[in-house]
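To keep things clear, I will list the structure first and then write my remarks on it.
Numbering starts at 1 and runs along the sequence shown. Atoms within a ligand are numbered from 1 in the order they appear, just like the ligands themselves. Keep in mind that the numbers below use all heavy atoms, side chains included, and drop hydrogens, waters and symmetry copies.
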Amino acid sequence: MTDSSSTLSSFPPSTRLEPVIRVSDAAVTLGGRTIWQGVNLTVQPGEFLAILGPNGAGKSTLLKAMLGLLPLSAGTIAVLGKPARRGNAAIGYVPQRRHFEADVHVRGRSLVQLGLDGSHWGLTIPLLQSHKARENKRLVAEVIELVGATSYADRPIGELSGGEQQRLLIAQALVRRPRILALDEPLDSLDLRNQQGIASVIRRISRETGAAVLLVAHDINPILSAVDRVVYVAHGQVAIGTPEEVITTETLSHLYATPIEVLRASDGRIVVVGQPEEEVSYHAHRAR
Ligand code: ADP
Ligand code: MG
């Protein structure tokens with residue numbers, strides 16, 4: 001890795017902890033249903049947050065609201081001190097369930113490059129253009145290295161494994177050097193070893209670049225050692241804190257309004273008993 005001041009690896013350590021995201025009394029209503037309400041959350045630079053909860057609870061909705069892709073029905077969301085807005089280069093986003101079929105011949109490196117092409121350089125002088133092209137090539141190579149994908153980045157993406165594809169999608173989200181990385185179920189359908197591997201890559205990237213991470217996950221266990229705090233979305237409400245604070249019998253029973261038992265295995269794994277897999281719709285009526 002080079003030592004140029006513009007590289008990801010030399011991102012200055014944050015000295016003042018101004019929150020990168022501030023969610024205040026926020027609510028989202030979709031199709032006449034309140035998805036969640038009364039959400040308050042601040043995210044610090046370099047923090048790793050896991051967003052957990054049953055299917056349909058509103059986890060993706062929370063990321064989309066931060067990305068300015070959905071309007072709030074109440075409250076505010078500020079990203080780096082400004083209202084959340086679409087196309088904010090400060091957030092690198094990998095949407096849910098993105099994968100490539102076997103017949104996709106685009107090379108991983110080109111996919112990562114696409115993450116840069118969305119930005120406008122506004123340069124017309126040929127010499128500067130070629131300088132820019134070299135610079136872009138270097139940036140792309142750097143993020144590919146950062147996610148550990150160098151050995152397969154020039155292969156057609158459709159031929160790669162789910163874990164390899166996911167690393168390249170994360171590299172694409174990183175290439176504009178975002179202050180925030182929003183990843184919607186990036187570990188979905190990966191085996192346990194790959195889930196842990198990608199979680200530790202994301203943790204390291206967050207440390208090296210100072211980027212805050214918001215990662216939607218189905219299971220806390222593969223990422224437990226990587227996360228700082230969890231955001232648990234269920235029943236139109238959100239509980240926030242360390243895993244020890246939030247994933248407890250008391251907090252989850254309260255959030256789901258039904259008895260839930262949280263057990264901790266001797267190896268540290270968390271087992272949640274009685275947790276509905278799908279969000280039941282009655283909360284929608286209650287919250288309306
Ligand atoms: P999660 O990511 O936690 O599985 P989502 O945030 O995708 O849940 O969705 C939360 C709820 O909002 C779901 O019940 C979903 O059906 C509903 N929903 C999502 N998008 C829309 C929309 N555009 N219009 C109406 N309802 C929606
Ligand atoms: Mg989702």
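- Proximity to Thr61 (heavy-atom distance under 4.0 Å) selects the following atoms of ligand 1: 5 (P), 6 (O), 9 (O), 10 (C).
- Summary of contacts: the protein heavy atom closest to atom 8 (O) of ligand 1 is Gly58 N, 3.2 Å.
- Checked by atom type and distance alone, the side chain of Ser206 pairs as donor or acceptor with a backbone atom of Ala211 at under 3.5 Å.
- Remark: among candidates Ala65, Ala234, Gly32, Ser60, the nearest residue to atom 7 (O) of ligand 1 is Ser60, based on non-hydrogen atoms.
- Put simply, atom 3 (O) of ligand 1 has protein non-hydrogen atoms near it, under 4.0 Å away.
- A donor-acceptor pair under 3.5 Å links the side-chain atoms of Arg167 to the main chain of Val147, judged by distance alone.
- Considering only non-hydrogen protein atoms, atom 13 (C) of ligand 1 sits nearest to Gly56 O, 3.6 Å.
- Against a heavy-atom cut-off of under 4.0 Å, Asn55 is close to the following atoms of ligand 1: 4 (O).
- Between Arg97 and Glu185 there is no salt bridge, since no side-chain nitrogen of the basic residue lies less than 4.0 Å from a carboxylate oxygen of the acidic one.
- Ranking the protein heavy atoms by distance from atom 23 (N) of ligand 1 puts Leu30 CD2, 4.4 Å first.
- Ligand 1 does not have Gly53 within reach: every non-hydrogen atom of the residue lies 4.0 Å or more from it.
- Close contacts of ligand 1 with Pro54, meaning ligand atoms under 4.0 Å from a residue heavy atom, involve 3 (O).
- Of the possible polar contacts, none joining the Thr251 side chain to the Ile247 backbone as a donor-acceptor pair under 3.5 Å is found.
- Inclusion of Gly31 in the set of residues having an N or O under 3.5 Å from an N or O of ligand 1 is not warranted.
- Around the Mg ion (ligand 2), protein N, O or S atoms at a distance under 2.8 Å total 2; waters are neither shown nor counted.
- Using a 4.0 Å threshold on non-hydrogen atoms, atom 15 (C) of ligand 1 does not count as touching the protein.
- Using a 4.5 Å heavy-atom cutoff, the side chains of Ile240 and Val230 are not in contact.
- Of all the atoms in ligand 1, the ones that sit under 4.0 Å from a non-hydrogen atom of Ile35 are 10 (C), 11 (C), 12 (O).
- More than 12 heavy-atom neighbours from other residues, nucleotides or ligands sit within 6.0 angstrom of CZ on Arg155.
- Distances below 4.0 Å separate heavy atoms of Arg33 from the following atoms of ligand 1: 14 (O).
- The 12-atom threshold is exceeded at CZ of Arg264, counting heavy atoms of other residues, nucleotides or ligands nearer than 6.0 Å.
- The main-chain N or O of Glu164 is found under 3.5 Å from a side-chain atom of Ser161 such that the two form a donor-acceptor pair.
- In this structure, the side chains of Arg177 and Thr209 stay at 4.5 Å or more apart for every pair of heavy atoms.
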TODO: Start with the C-alpha gap between Thr34 and Gln37, add the side-chain angles, then the distance that decides, and say whether side chain to side chain contact (heavy atoms under 4.5 Å, CB included) holds.
DONE: CA-CA 7 Å; Thr34 297; Gln37 60 187 339; 4.0 Å; yes
Would you mind writing out the side-chain donor-acceptor pairs for residues 214-225 within the sub-3.5 Å range, not counting sequence neighbours?
from	atom 1	to	atom 2	distance (Å)
His218	NE2	Glu277	OE1	3.4
Asp219	OD1	Asn221	N	3.0
Asp219	OD1	Asn221	ND2	3.3
Asn221	OD1	Ile270	N	2.7
Asn221	ND2	Ile270	O	2.8

- [ ] Take Thr249 and Glu261, measure what side-chain hydrogen bond (donor to acceptor under 3.5 Å, both in side chains) needs, and give me the verdict at the end.
- [x] CA-CA 5 Å; Thr249 296; Glu261 196 176 354; 5.9 Å; no
